[in-house]
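In what follows, a structure is listed as structure tokens, so that the remarks can point back to it.
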Amino acid sequence: MSVRTRFAPSPTGNLHIGGARTALFNWLWAKKWNGKFVLRIEDTDRDRSSPEFEESIKRDLKWLGLEWDEGPDVGGAHLPYRQSERLSLYLEILKKLKETDYVYPCYCTPEELEAERKEQLSRGMPPRYSGKCRNLTEEDRKILEREGRVPSWRFKVPQRDGRIEFHDEVHGTYALSYSEVGDFIVMRSDGIPTYLFAAVVDDHFMEITHVIRGDEHLPNTTRQLLLFKALSWQPPSFAHIPMILSREGRKLSKREGAESIDDLRQRGYLPEAVRAYLATLSWAVEGEDFLFDLNEMAKRFELSSISRSSPIHDEERLRWWGSEAIKRKDLKWLADVIVKMTSEGGLPVRITTEELAMLLPEALSGQATIVELLESLNWLFHRPQVHEAVPPWMRDLKAELSKLDDWNKAKIEDKLRAFQKRLGLKAREFFHPLRIFVTGRISGPPLPLIMEVLGKEEIISRLVD
RNA sequence: GGCCCCAUCGUCUAGAGGUCUAGGACUCCGGGUUCUCAGUCCGGCAACAGGGGUUCGAAUCCCCUUGGGGCUGCCA
């Protein structure tokens with residue numbers, strides 16, 4: 001059987017680094033085995049799901065290079081791929097469950113359940129469903145329904161000793177006692193299935209072979225296994241990857257380090273950098289070159305080498321991957337992007353893509369993002385605002401340079417050095433202020449190169465005296 | 001509260017009983033190179049949470065404690 005994995009986000013927010021890493025691992029595992037990567041939209045939370053989030057998630061996945069073989073927009077053999085469009089299927093399966101007596105209607109209202117939970121907690125009891133609707137008679141049910149109550153449907157968790165056990169690809173054996181699991185709702189009173197149920201049904205019919213997801217689902221898996229068993233379905237393999245924690249060591253939240261992929265893109269990170277960074281959280285690998293190529297990454301990917309402890313999101317390390325990715329990028333490509341950005345930004349373009357590509361090797365110095373790269377090059381597009389005192393030799397230098405006809409970096413450098421020596425200045429005493437007047441910056445590519453690129457006229461006008 | 005998961009430098013991690021005076025990467029620090037900064041190259045600081053076992057021998061196995069996380073939802 002060929003490998004099929006899925007990424008099943010709920011469209012209740014943007015794709016953030018945690019979800020992106022889950023998607024990445026699923027993609028890698030499918031591709032490693034020449035299998036299929038399925039995108040499934042889990043929009044069963046009607047209150048919080050929105051089409052806008054679905055769109056942004058898809059856009060961000062594509063940006064990361066994680067294209068899906070089956071899913072919304074691209075179709076596939078298991079249509080539809082949005083849970084809200086699969087409602088009749090869940091109803092059908094629920095019917096089976098009813099017939100085999102694996103579920104029962106629960107007439108408790110959310111308010112009653114909440115009160116019950118509070119009560120249990122205050123008495124130091126585990127907050128679990130009491131099972132009070134489990135043994136209702138037909139007569140009881142009729143009475144409750146006459147009151148206008150619409151039931152939800154709960155799964156009858158076997159009341160027995162022992163534990164529900166399964167093998168997890170990263171955690172090894174995981175087990176939970178039956179007595180720890182309360183009867184859980186599979187179908188809400190409004191006819192919408194819960195995640196626990198819908199995911200099981202979909203994973204079965206979509207023939208998912210490996211469920212790779214965050215380890216917050218570890219306890220849930222036992223419930224889902226119960227469902228698989230009740231339906232006589234073969235469950236997939238499970239791999240629960242540790243969830244990324246914030247700098248403070250807490251679960252990622254909007255307030256704490258839950259960076260959205262959208263945000264990283266807008267800040268100018270390259271997708272391969274984000275991917276490589278995400279991959280190395282929990283995945284220990286030797287070498288790093290292959291991390292920039294998705295297919296190479298897939299070849300080397302191993303579920304068994306994923307570590308069990310939660311990594312902490314670290315911007316410093318993301319930045320390092322960012323600069324590595326830029327360094328490896330084709331110069332022409334980089335130049336193209338920069339030129340495009342400047343023209344879109346309405347900046348005067350004083351340089352051709354080819355010229356820029358030649359300049360780039362000297363200009364690259366640890367910028368983590370394209371935005372930073374552009375920033376570091378802004379002397380190309382703006383005359384600097386210099387507030388420093390004009391050195392006394394500036395007027396002479398200007399005159400000297402005006403006489404230089406052969407305007408290339410070698411000649412410029414000769415001129416500059418001769419001038420500096422004649423003045424009796426140390427190199428830094430001369431070049432440093434000159435750089436500031438030419439670029440407004442205290443660092444950058446070699447000055448003669450900058451001067452050649454900017455052109456004689458531009459340089460003369462920047463050397464205010 | 002109950003149950004479960006996790007635990008090596010500040011961070012990501014290697015390590016599957018002796019090869020560990022614990023290796024690599026990021027950050028940081030020092031030095032070389034450079035007109036400057038960055039980069040780059042070289043070097044350096046820095047960890048097995050604590051306590052008990054098991055064993056000739058433990059970062060590696062077991063137990064307890066501590067710490068962190070998750071689940072315990074008509075969220076996913």
Side-chain angles (χ1 to χ4, degrees), chain A residues 8-13 19 42-45 47-49 106 108-110 113-114 117 120-129 150-154 168 171 174-177 179-182 184-190 192-196 198-199 213-223 240 242-243 245 247-251 277 280-286 288 305 307-321 323-324 327 361-367 376 413 416-417 420 425-436 441-448:
Chain A
S10 67
T12 55
E42 306 217 327
D43 52 354
T44 52
D45 183 341
D47 296 335
R48 288 186 290 172
S49 296
C106 172
C108 301
T109 64
L113 292 171
E114 183 53 35
R117 247 192 304 278
Q120 288 169 327
L121 237 22
S122 69
R123 299 215 327 259
M125 307 255 299
R128 259 199 294 282
Y129 179 62
V150 181
S152 61
W153 289 83
R154 283 185 189 268
D168 185 89
H171 286 268
Y174 182 91
L176 196 62
S177 300
S179 59
E180 290 297 326
V181 185
F184 54 93
I185 292 176
V186 293
M187 186 65 79
R188 300 180 173 94
S189 49
D190 61 2
I192 311 272
T194 58
Y195 158 76
L196 246 20
R213 73 225 302 195
D215 62 9
E216 71 267 31
H217 288 293
L218 225 24
N220 283 334
T221 306
T222 55
R223 294 176 179 79
H240 287 91
M243 45 202 302
L245 265 28
R247 251 275 170 239
E248 288 67 34
R250 285 191 286 266
K251 185 179 181 176
Y277 167 70
T280 56
L281 292 181
S282 301
W283 181 30
V285 286
E286 275 179 45
E288 58 200 32
S305 56
S307 62
R308 284 181 291 274
S309 54
S310 299
I312 291 170
H313 172 51
D314 181 5
E315 177 92 24
E316 285 299 335
R317 296 180 55 252
L318 207 210
R319 285 189 57 76
W320 182 78
W321 285 106
S323 67
E324 285 297 302
K327 264 183 243 166
E362 297 285 358
L364 255 25
S365 62
Q367 298 91 340
S376 74
E413 176 153 13
L416 255 26
R417 287 201 187 276
Q420 168 226 329
L425 288 171
K426 283 184 191 163
R428 60 182 305 156
E429 292 170 330
F430 172 68
F431 283 98
H432 189 66
L434 180 56
R435 175 182 294 280
I436 290 177
R441 303 184 149 263
I442 58 172
S443 69
L447 259 183

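Just so it is clear, the structure is predicted and the values come from calculations on it, not from any experiment. Numbered from 1 within each chain, the chains take letters A, B, ... in sequence-line order.
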- Message: Measuring only the P atom in each nucleotide, how far is B/C6 from B/C64? A whole number of Å is fine.
- Response: 14 Å
- Message: At 4.0 Å (heavy atoms only), tell me whether A/Ser307 reaches a base, stays on the sugar-phosphate, or touches nothing.
- Response: sugar-phosphate
- Whole angstrom value for the distance that separates P of B/U13 from CH2 of A/Trp321: 12 Å
- Under 4.0 Å protein heavy-atom contact, by nucleotide of nucleotides 25-47 of chain B - B base, S sugar-phosphate only: -SS-------BBBBSS-------
- Item | Separation of the C1' atoms in B/C61 and B/G67, to the nearest angstrom | 22 Å
- Query: Mind checking who B/U36 pairs with, Watson-Crick or G-U wobble, both distances under 3.5 Å?
  - Reply: none
- Message: Suppose we define a pair by two distances each less than 3.5 Å, Watson-Crick or G-U wobble; what does B/A22 pair with here?
- Response: none
- Message: Considering every strand and a 4.0 Å limit on heavy-atom distances, what is the contact class for A/Ser282: base, sugar-phosphate, or nothing?
- Response: sugar-phosphate
- Note on the structure: Taking a pair to mean Watson-Crick or G-U wobble geometry with both distances below 3.5 Å, B/G43 pairs with B/C29
- Item | Donor-acceptor contact present, side-chain A/Gln367 to main-chain A/Ser365, <3.5 Å | yes
- Query: Is the backbone N or O of A/Glu180 less than 3.5 Å from a side-chain atom of A/Arg128, with the two atoms forming a donor-acceptor pair by type?
  - Reply: yes
- Item | Residue list, side-chain contact (heavy atoms from CB on, under 4.5 Å) with A/Pro127, at least two apart or on another chain | A/Arg117, A/Gln120, A/Leu121
- B/C6 OP1/OP2 closer than 4.0 Å to side-chain N/O of A/His171: yes
- If the sugar-phosphate is the primed atoms plus P, OP1 and OP2 and the base is the rest, what is the B/S/- string for nucleotides 68-76 of chain B, using protein heavy atoms under 4.0 Å? SSSSBSBBB
- Query: Does a side-chain heavy-atom distance below 4.5 Å link A/Ile185 with A/Cys106?
  - Reply: no
- A/Ser179 meets the side-chain contact (heavy atoms from CB on, under 4.5 Å) criterion, sequence neighbours left out, with A/Ser177
- Separation of the C1' atoms in B/G44 and B/A58, to the nearest angstrom: 30 Å
- On a whole-Å scale, what distance lies between the C1' atoms belonging to B/U21 and B/C5? 34 Å
- Residues which pass ring pair (Phe, Tyr, Trp, His ring centres under 6.0 Å) with A/His171, listed by chain and number, not counting sequence neighbours: none
- Query: How far, in whole Å, is B/U66 from B/G23 if one measures between their P atoms?
  - Reply: 32 Å
- Item | Span that lies between the P atom of B/G57 and that of B/C4, in whole angstrom | 32 Å
- Residue list, side-chain hydrogen bond (donor to acceptor under 3.5 Å, both in side chains) with A/Arg188, at least two apart or on another chain: none
- Message: Restricting to ring pair (Phe, Tyr, Trp, His ring centres under 6.0 Å), what partner residues turn up for A/Tyr174, sequence neighbours left out?
- Response: A/Phe166
- Query: Distance between the C1' atoms of B/U11 and B/U19, in whole angstroms?
  - Reply: 28 Å
- Message: Let's test this: given Watson-Crick or G-U wobble pairing with both distances under 3.5 Å, identify the partner of B/A58.
- Response: none
- In chain order, what residues pass the side-chain contact (heavy atoms from CB on, under 4.5 Å) check against A/Arg223, with sequence neighbours excluded? A/Val181, A/Phe184, A/Leu196, A/Pro219, A/Asn220
- Task: Could you give the distance separating B/A22 and B/C48 at their P atoms, to the nearest angstrom?
- Result: 10 Å
- Item | Residues which pass side-chain contact (heavy atoms from CB on, under 4.5 Å) with A/Pro242, listed by chain and number, not counting sequence neighbours | A/Arg21, A/Asp215, A/Ser282, A/Ile306, A/Ser310, A/Pro311
